[in-house]
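Here the structure comes first, spelled out in structure tokens, and everything after it is commentary.
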Amino acid sequence: MGIWLQEEHTRGYVVNWRLHNIIHTETTRYQELAIVDTYEWGKALVLDGVVQTTEKDEFVYHEMIAHVGMMAHPCPRKVLIIGGGDGGVLREVLKHDSVTSVDLVEIDERVIENCRLYLPTIACGFSDNRANIIIEDGLKYVKNIKNRYDVVIVDSSDPVGPAVELFGDKFYRDVYAILHEDGLMVAQAESPLFFGESFAQVFGNMRATFPIAGVYLACVPTYVSGFWAFAVGSKKYHPEQPGKERKPLTGLKYYTPDIHRAAFVLPPFVRDLVR
Ligand code: AG3
């Protein structure tokens with residue numbers, strides 16, 4: 001009865017979402033895109049059948065992927081976001097007064113267009129004049145650009161479809177090259193419980209590329225297994241706590257300095273995966 005979205009994680013594990021309605025669907029150059037209105041989680045962006053973000057819990061993921069790296073840096077001015085076409089990471093990065101410019105490189109401009117139209121509370125950062133949108137393959141962008149950044153954040157979809165190569169080691173070396181000598185990067189690192197291999201791959205790339213590498217966790221209820229990891233690679237600053245010179249951010253719903261430190265405390269099964 002009613003309209004249901006079947007999100008198939010594997011042949012043996014499917015999550016069903018009851019919908020009020022399907023707001024929009026289209027086939028873009030890169031993927032199947034849908035904006036749906038769910039019963040329980042507000043409106044959601046779905047790419048190739050996988051829920052990417054929902055209005056109800058997006059704050060957990062977006063605050064945690066953005067503020068941990070941003071607060072570990074004493075004064076992030078120039079920031080690069082790879083992917084993140086819904087704008088959630090951009091919105092959070094722009095909350096830092098030190099930021100003078102944010103370049104957001106998204107391969108699929110239809111993601112940005114649709115999120116601006118249907119998910120305005122997430123996509124609101126696109127109208128900030130510090131935001132610079134670049135429609136390009138992030139891989140090519142980091143390989144060719146001469147700009148230097150303080151913080152690079154990789155907000156990719158899963159390593160199937162357009163995001164595959166964002167999980168490869170070459171990409172990490174290219175990001176290293178475009179970071180300032182005290183720069184750092186953060187990448188979403190999938191579920192250590194459900195996608196242990198992808199998780200280990202992202203962390204392995206960080207460790208092979210950067211002198212300092214770390215992993216932290218947050219619970220993102222609408223991502224498969226709920227357990228979600230982020231990996232940090234840093235040239236100078238240790239990411240496990242906010243920089244001492246940083247003033248606390250106000251008005252957030254998840255991130256606090258205590259949450260920042262606590263997120264790096266790993267359960268043994270995750271520690272085993274990164275040893
Ligand atoms: N970024 C990561 C989505 C990964 C979800 N994967 C999954 N549930 N299998 C999404 C973009 C958020 N700005």
Side-chain angles (χ1 to χ4, degrees), residues 5-17 28 30-36 38 41-69 79-94 102 104-108 110-112 114-116 118-126 131 133 138 152-164 166-167 186-199 201-202 216-231 254-255:
L5 165 70
Q6 195 174 80
E7 191 191 22
E8 188 174 314
H9 294 295
T10 67
R11 286 180 60 208
Y13 187 58
V14 170
V15 174
N16 282 304
W17 303 65
T28 75
Y30 300 97
Q31 51 208 344
E32 293 295 328
L33 180 155
I35 307 279
V36 298
T38 74
W41 298 93
K43 286 186 274 172
L45 167 69
V46 186
L47 297 176
D48 286 337
V50 176
V51 173
Q52 300 295 316
T53 200
T54 80
E55 285 178 324
K56 193 165 176 175
D57 74 343
E58 55 91 6
F59 68 97
V60 181
Y61 178 86
H62 290 131
E63 290 187 14
M64 287 303 278
I65 194 173
H67 300 311
V68 170
V79 179
L80 170 65
I81 299 167
I82 305 283
D86 53 60
V89 182
L90 175 64
R91 180 194 64 202
E92 295 306 317
V93 164
L94 289 167
V102 188
L104 183 142
V105 181
E106 164 64 51
I107 197 167
D108 191 343
R110 298 304 300 153
V111 174
I112 297 178
N114 280 295
C115 292
R116 291 188 80 162
Y118 299 115
L119 299 171
T121 59
I122 302 176
C124 51
F126 287 115
I133 305 166
V152 174
I153 300 174
V154 185
D155 180 17
S156 69
S157 44
D158 298 335
V160 284
V164 174
L166 298 178
F167 290 74
V186 178
Q188 76 92 352
E190 300 287 313
S191 163
L193 198 58
F194 204 78
F195 298 121
E197 254 176 60
S198 301
F199 166 75
Q201 192 183 1
V202 175
Y216 61 94
L217 298 171
C219 175
V220 185
T222 60
Y223 289 172
V224 58
S225 86
F227 235 142
W228 216 255
F230 304 85
Y254 193 89
Y255 176 95

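Whatever order the structure lists them in is the order used to number ligands and atoms, beginning at 1.
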Qualifying residue, where the test is side chain to side chain contact (heavy atoms under 4.5 Å, CB included) with E58 and the options are T53, T222, L45: T53
Please check this pair: side chain of Q188 against backbone of S156, looking for a donor-acceptor N/O pair closer than 3.5 Å. yes
Indicate whether the side chain of D57 and that of Y223 have a donor and an acceptor atom separated by less than 3.5 Å. no
Take Y30 and L47 through the test side-chain contact (heavy atoms from CB on, under 4.5 Å) and record every step on the way to the result. CA-CA 10 Å; Y30 300 97; L47 297 176; over 6 Å; no
Using side-chain heavy atoms (C-beta onward) and a distance below 4.5 Å, is T38 in contact with T54? no
Taking only heavy atoms of the protein into account, state which residues are under 4.0 angstrom from an atom of ligand 1, in chain and number order. V50, Q52, Y61, H62, D86, D155, S156, D158, Q188, F195, Y223, V224, W228
Tell me, do V46 and W17 make a side-chain contact under 4.5 Å, heavy atoms counted? no
